[in-house]
Amino acid sequence: ELQDTQCISWYEKAFSLGEAAAAYELYRLYADGEFVAVDTAKQLEWLEKGAEANNSDCQLAFACEYLPNGNCEQDYSLALKWMQAAAENGSGVAMTNLAIMYTNGDGVEKDYDIALEWAIKGAKNGDASQLNRYALYYQDGTGFLPHMPGKAIELLQIGVDAGDRSSMVFLANTYLQGLGVEADETKALPLLEAAAKQGDKTSLRLIKEIGPHIYGEDASAKYYEVVKESADNGYYACMVCAYQCLSSGEGVGKDPEAAIKYLEEAACDDYKEAVFYLGAEHMSGDLLKDANPKTAVELFEKVISLGEQDETTAAAQRNLGLMYKEGIGVDQDLEKAITYLESAADNGNIDALLKAALAHDSGGWADLDYEKACSYYAKLAEVGHAGATTCLAFNYEHGLGVPKDFGKAAELYEKAIQLGDPRAMTNLALLYQNEEAIGKDEKRAVELLAEAAKQGYPQAEVLLGFAYYEGKGVSTDLGEALK
């Protein structure tokens with residue numbers, strides 16, 4: 001391991017003795033800035049030396065420095081020179097880059113045939129990304145290539161034969177959707193299983209969907225076989241799936257100890273989902289005998305620190321919000337609680353959106369803020385959340401955080417009714433009973449109350465009883481009223 005700046009002199013000595021790979025390590029040192037200050041001139045110096053010494057990593061990196069956003073003045077001719085040198089030395093990435101250059105005409109005349117040749121070579125040397133793009137071009141028939149589904153399948157098969165998991169999933173989807181071939185799940189499944197054994201998450205999801213159509217009752221067990229093999233081969237995404245199977249008993253007997261073992265192994269290397277689920281286990285105490293809420297807080301905080309904001313980050317923020325609200329594993333802090341819930345809401349967590357909206361709508365433990373509550377309700381309404389749509393309609397009806405608008409309220413109530421919400425039915429019925437709102441329609445009001453009452457909504461039952469008692473929208477019927 002590199003310990004201090006002495007590594008510089010040792011790498012320099014290694015290079016002087018003919019070890020060209022040392023030049024690339026020196027380039028990385030001056031680029032990373034971990035042991036020495038970042039030095040662009042030194043980076044370029046060692047890349048050039050390594051490239052001239054025929055090191056493919058240096059040739060590839062040096063070529064990229066002459067492309068847009070590189071550290072050298074843009075020069076496609078030099079980029080092409082060193083990219084070809086790296087490709088000739090077996091760099092699959094360089095081959096793919098050449099395919100891109102010939103596709104776009106960067107420093108060379110556009111030539112799709114040459115581009116495809118390089119894309120195929122790239123795939124056979126570990127980088128099938130441009131080959132898969134060409135397959136997509138032929139499959140869609142848009143842009144510069146004709147619609148040739150058969151050609152797309154031919155190219156994808158090259159990627160599959162080279163062991164590229166993206167090609168496997170792409171070809172599997174082609175069979176699932178019947179794009180240029182007859183739809184055939186039996187041809188898709190082995191491709192998905194092969195990709196899953198390389199840790200591909202998309203293929204695992206698709207195997208779950210189509211497995212029952214092929215394996216029947218054995219689908220869960222077959223799924224776990226694939227997951228376990230991949231997990232045992234060190235793929236963290238599959239370790240999380242193995243944890244889920246073993247904790248739920250899906251396809252295998254429940255085994256909490258083995259489930260946690262997979263989770264801890266993946267979490268040790270900061271795999272984000274594993275860290276989150278381990279935190280959730282410490283929060284719930286379902287599988288862990290020594291569950292510790294304080295550890296859960298630490299793990300959720302770690303999730304937030306790991307990489308970009310995504311749904312796992314949002315779930316961790318939501319959980320921290322709940323823990324700070326209730327004082328679980330931390331001292332109760334309502335300000336932090338709403339801050340975490342709002343962060344989770346902003347990152348799209350549905351439960352956090354609802355909890356933050358309700359908190360601001362009621363002012364019970366967070367600042368009363370109807371406008372913010374309505375903004376959250378609106379986001380939930382967009383994704384079809386019935387309760388939130390009703391709450392937003394109610395706020396339009398009463399002018400809370402939004403301008404009072406009976407028409408908009410009625411429109412939103414109707415949307416929530418389509419989603420089956422009895423409260424929306426009842427509230428809209430009340431609007432129809434109010435002549436000053438959207439126009440009195442007592443018959444429609446009774447219809448709505450009757451539908452809500454069928455769902456056992458107490459307020460609707462009471463109001464329907466009064467309607468029968470008073471004969472509003474329906475003939476007076478004391479028996480029905482009493483019922």
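FYI, the numbering just counts along the sequence from 1. Owing to the predicted nature of the structure, the values given are computational and were not obtained by experimental measurement.
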Self-check item: Side-chain touch Ile158/Asp161, heavy atoms, less than 4.5 angstrom
Solution: no
Quiz item: Applying the side chain to side chain donor-acceptor pair (under 3.5 Å) test to Asn347, which of Gln309, Glu311, Glu342 qualifies?
Solution: Gln309
Quiz item: How far does CG of Leu191 sit from OG of Ser167, to the nearest 0.5 angstrom?
Solution: 10.0 Å
Self-check item: Close aromatic pair by centroid cut-off 6.0 Å: Tyr112 and Tyr102
Solution: no
Self-check item: Residue pair Leu320, Ile304: steps toward the side chain to side chain contact (heavy atoms under 4.5 Å, CB included) verdict
Solution: CA-CA 10 Å; Leu320 282 170; Ile304 294 170; 3.5 Å; yes
Self-check item: Atom pair NZ/CG of Lys261 and Asp255 - distance to nearest 0.5 Å
Solution: 10.0 Å
Self-check item: Plane angle bin for Tyr27 and Tyr24 - parallel if under 30°, tilted between 30 and 60°, otherwise perpendicular
Solution: tilted
Quiz item: Going from CZ on Arg133 to OG1 on Thr96, what distance comes out if it is rounded to the nearest 0.5 angstrom?
Solution: 8.0 Å
Self-check item: Lys379 and Glu382 ion-paired at < 4.0 Å
Solution: no
Quiz item: Does a donor on one side chain and an acceptor on the other come within less than 3.5 Å for Ser129 and Asn132?
Solution: no
Quiz prompt | Rounded distance [0.5 Å steps], CG in Asp310 versus NZ in Lys272 | solution = 3.5 Å
Self-check item: Pair Glu273 + Lys201: basic N to acidic O under 4.0 Å
Solution: yes
Quiz item: What is the ring orientation for Phe62 with Tyr66, classed by angle as parallel under 30°, tilted 30 to 60°, or perpendicular over 60°?
Solution: perpendicular
Quiz item: Taking atom NZ of Lys355 and atom CG of Leu322, what is their separation to the nearest 0.5 Å?
Solution: 5.5 Å
Practice problem: For this output row, return yes or no: ring centroids of Phe15 and Trp46 closer than 6.0 angstrom. | Solution: yes
Quiz item: Which distance, rounded to the nearest 0.5 Å, do you find between the CD1 of Ile210 and the CD of Glu185?
Solution: 5.0 Å
Quiz prompt | Heavy-atom neighbours of Trp10 CH2 exceed 12 at 6.0 Å | solution = no
Practice problem: Kindly check if the number of other-residue, nucleotide or ligand heavy atoms within 6.0 Å of CG (Asp290) is above 12? | Solution: yes
Quiz item: Hey, is the main chain of Ala344 close enough, under 3.5 Å, to the side chain of Arg318 for a donor-acceptor pair?
Solution: no
Exercise. Please list, chain by chain and in numerical order, all residues satisfying ring pair (Phe, Tyr, Trp, His ring centres under 6.0 Å) with Phe300, sequence neighbours excluded.
Key: Phe276
Quiz item: Salt bridge or not for Glu45 and Lys42, using N-O below 4.0 Å?
Solution: yes
Exercise. Evaluate the criterion side chain to side chain contact (heavy atoms under 4.5 Å, CB included) for residue pair Leu287 and Tyr243; output intermediate values, then yes/no.
Key: CA-CA 11 Å; Leu287 298 185; Tyr243 147 76; 4.0 Å; yes
